[in-house]
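Here is the structure we will look at.
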Amino acid sequence: MSVNKKATKLMLNNLLVAIGIFVAVLVMSKGDLLYICMGALAGFVFFDYGITSSLSRMETNLLYQLQDFLSDIRHYYMSSKIIEDAVNDTLDDIPFEVSLHIQKLYNILISPIMQEKVEEYSQTNPNRFFLLLTSICTAVKEYGDTEDENGGSNFLNSIAYLKEEINIEILKRQMISFKFQALSFIALVPVLLLKPIETWNIKNMPDLASFYSGIYGKTIMVALFATSFICYKLVEVLKDSKRGELKR
């Protein structure tokens, strides 16, 4: 229920702002088709960008919370040496979002049908790090902890490795965000400049008015709209590393 409410609120807020942008541009357009198309594009881009950026922030925040959990479980496991007790002890210390998944992990560990519960959770886990954490904990629960060649705990080594992997993922996200900063909006700059360029051209070369109102002028403007939109979507796809969508 909380996921449904959060998703509905996120979609509704961005949709209302996008509609507001389109209506404002529609009123100012005075029937100009180019302005109307510009308003529709601006509204869609704001809606799309608002949704994707909000989800990306939530995913990154969840990774930070998972990092903190791994530090906590390391501390509690060293005290109790019982994996389910260590997981349960962390629930009072960790933030709400990650605690929902850790509660599921605890329920899996105490379940008499643990493997079936793991398969069920694998269908709904938010990312590969939670699934890897579940695999590590269930392996320790089922087979017990073992020592490495230096006498250390393999469970603690696995937790340290997982924490390092999460840190690499966070750094990768930060690098992508920096490198793609503002590129989505830069891709739309040609559309924003169409009307000022048209006005300047007609003012200085009145003969161009017939070109802009003719079929060739309209065709070129539509082509620029389509090209700018495709560039925007490609930037968004590359930023999210959605290779399958990029191929399509």
Please determine whether the number of non-hydrogen atoms from other residues, nucleotides or ligands lying under 6.0 Å from atom NZ of Lys6 exceeds 12.
no

Can you sort out the partners of Asp48 under salt bridge (Lys or Arg N to Asp or Glu O under 4.0 Å), two or more places apart, ordered by chain and number?
Lys233

What heavy-atom pair brings Tyr121 and Pro126 nearest, and what distance separates the two atoms?
OH-CD, 3.9 Å

For a quick check under 3.5 Å, do Asp93 and Tyr76 share a side-chain donor-acceptor pair by atom type?
yes

The criterion is side-chain contact (heavy atoms from CB on, under 4.5 Å); which residues satisfy it with Ile230, sequence neighbours excluded?
Leu234

Testing the 3.5 Å rule here: is there a donor-acceptor pair between the side chains of Arg74 and Ser71?
no

Mind checking what makes salt bridge (Lys or Arg N to Asp or Glu O under 4.0 Å) contact with Lys141, not counting sequence neighbours?
Glu84

How long is the span from the CE atom in Met11 to the CG atom in Asn13, to the nearest 0.5 Å?
11.0 Å

Taking all non-hydrogen atoms of both residues into account, name the closest pair between Cys137 and Phe155 and its distance.
SG-CE1, 4.2 Å

Between Ser184 and Glu236, is any side-chain donor less than 3.5 angstrom from a side-chain acceptor?
yes

For residues 108-118, please give each side-chain donor-acceptor pair under 3.5 Å, one per line with the distance, not counting sequence neighbours.
unit_1, atom_1, unit_2, atom_2, d
Ser111, OG, Ile113, N, 3.2
Gln115, NE2, Glu142, OE1, 3.0

Once salt bridge (Lys or Arg N to Asp or Glu O under 4.0 Å) is applied, do any residues pair with Glu59, and if so which ones, sequence neighbours excluded?
Arg173

Can you measure from OG1 (Thr138) to OH (Tyr143) and round to the nearest 0.5 angstrom?
9.0 Å

Would you please name every residue forming a side-chain contact (heavy atoms from CB on, under 4.5 Å) with Gln181, sequence neighbours left out?
Phe178

With a 6.0 Å cut-off on the ring centroids, do Tyr49 and Phe185 count as close?
yes

Go through the side-chain N and O atoms of Asp85 and Ser80 and say whether any donor and acceptor fall under 3.5 Å apart.
no

Atom CG of Leu133 and atom CZ of Arg128: how far apart are they, to the nearest 0.5 Å?
13.0 Å

